[in-house]
Amino acid sequence: MAFNVSSQVVATPITLRAAAALPIAAGVTVPVSFDMTKLQNTLRVPIEITEMLVTSRVNLLVANVLQANAEAGSAVELNVRVVDRSLTQGFVPFGVIAPWDVNEDEVWAKTIQANSSFWTSRVQRRVIFSAPIRLRPGMGFSVAARRNVPALTTAVPLSAETVSIAFIGRVVPGSSLQPTAQDLPYWIAATLNAPTTLNTISTVENDLKNGLDSPLSVSRVISHARKYDEVSVYATSHNSTPSGNDEDALMTLRWPNGDLINDTPVYMQSAFIREHAMSGSFSLPAASRVNLSLEYKSARSFNWLTSIALFGTRREVL
Amino acid sequence: MAGYPYIMQSALFSGSVVGSVLAPDERVFRNTTPYYLRVHRISVHAAGGDDTRYETLQGTGVVAVTGVRLSWAIRFGHTEVTSGWAPMAATTWRANVDEPAPAVYFSQPVYLAPGDRLDVKVKYEGGIASASPAFFLSAHCSAVDRPDAIRVPALYGWEGGERSANSGEFSEEVPVGTLYNEFDEAMHIERIIGRLALFGGFSTPPSGGDPAGSARAYQAIRQVFADMELHDGSKITRDPTPFGALFDLARQSWLTNFSLPSKGYIKTTVSGNLVQTNGTALFRPYIGLLGYRTIG
């Protein structure tokens, strides 16, 4: 499959892709597993996966409802494993798989398709791995997805939400040696609920705890806020931290050694601007945790869910 | 604590910016850690307004809904970064994003020494529509051990005159002292930033442009030209060149990576012929540069 061009070997690209339809229901739905055979290296040579792309699509079954703001992916959670190694600590929200990219803006996603029958929302998250994941023949990924949203509206019915996941990479040149250990990505996420009945909330104890046996080199802290309305309830993603005028969420983040992210609590707007990610790598030891609390100065007429994820790598043998 | 991210932030003005006769905000962040702080970015972003999706400064340091234009003056310790006021629209930049950012990202490491202060002043001009954003200032840093070389950024910028979409021919010169290396050492110029801001007060988006709130001004970038040369007469653009060709449309900057000698400067003439026939858009050209100096 690979061919030589002078002294260079050109690697053949490869994509593993599977999709699953998630039923629409309030609460935590039964997880749906993706077809593992489609996410498996069925070649007789090793492959390297360099990128993961997750796409969610949902149709809003109301004609020309421009104000509908239910958004694909906002209620989706994913559990990803490679061979027998977890890449996510349980189920992590779709919104914090990767920082929000302005090119994947939910407004554009909503304008893809609208006709007299339905209105489509399509949102993506793309992760480029800092180190490729090498899969020997027969190895593969196993992925499960579910929806998790406190309530749903009956005013804006949704079709089943279709989630597709693609692992993108290349065929490994035959002369390449198999690595002894690999840097595998890992997501740890927590979701905090700010209901309207409370003006301030603070949370967190055992969330954002490294459940691995090895230290996690954290390269990003990713946030994603979404709202749902008890009255006309949409599973919507706001793609922003709460507005400074309205929610003014103050975030207190403590690193494993107890130090604060700053001397004083930080506005989420300041911490997670635009791309909703904070950079600056650090090592999270096994069984150690990052403490996060959110304090909302005021609450609007809808409820907020804010998710925070730590994203990093750890070294393991596959 | 070395190796952990560290954020310094403060709320700025919140309220109506109509008219913008506001006193400038000034904030001082002090590095109270025992470490050097590597500064990754400094940002001023807006929350609230009529569309919280645009919670950050939409466009080019311009809050599109209100039309307010921000300028900042930044100092690292005793060292001026912006040489007085610099328009944010001329001095903000980030990588790989098809939209301007309300922040300047430093791709080379720049540092605040322990005990040093980061001074930022922000002023607000020309608000038009009646929205009431809340502004926030933040600096994202990481605590690091003492680096081998202490580098500080240089951010210089110029704001051109406001013009309507069909205002016809014009020509403006960027004053020589604006993109000027006043220091005794050479300055590494990473990029020259060029933008056409589309802002405030319009009811119809310009032909080919994005809906209200965007500052890309697709049509205008073909009609507005920049012509540049160095202090010694060396041309760095052979001819007047359309903004869209010179300043990568997505990143709105020209990656130059050259050394501007002490007392050297970049001469720039911005000219054009705005002949769009629809919309009530208003444009302003911005030219800036992002550079670095090694001071220790």
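In what follows, every chain begins at residue 1, and chains take the letters A, B, ... in the order their sequences are listed.
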Does Trp187(A) have any ring-ring contact (aromatic ring centres under 6.0 Å, His included) partners at least two apart in sequence or in another chain, and if so, which? Phe311(A)

Mutual orientation of the aromatic rings belonging to Trp255(A) and Tyr4(B) [parallel < 30°, tilted 30-60°, perpendicular > 60°]: parallel

Ignoring hydrogens and geometry, is there a side-chain-to-backbone donor-acceptor pair from Asn262(A) to Ile7(B) under 3.5 Å? yes

Please identify each residue that fulfils side chain to side chain donor-acceptor pair (under 3.5 Å) with Arg314(A), with sequence neighbours left out. Glu316(A)

Calculate, to the nearest 0.5 Å, the distance between atoms CD and CE belonging to Gln9(B) and Met251(A) respectively. 8.5 Å

Which atoms of Ala11(B) are under 4.5 Å from chain A, going by heavy atoms: the side chain, the backbone, both sets, or neither? both

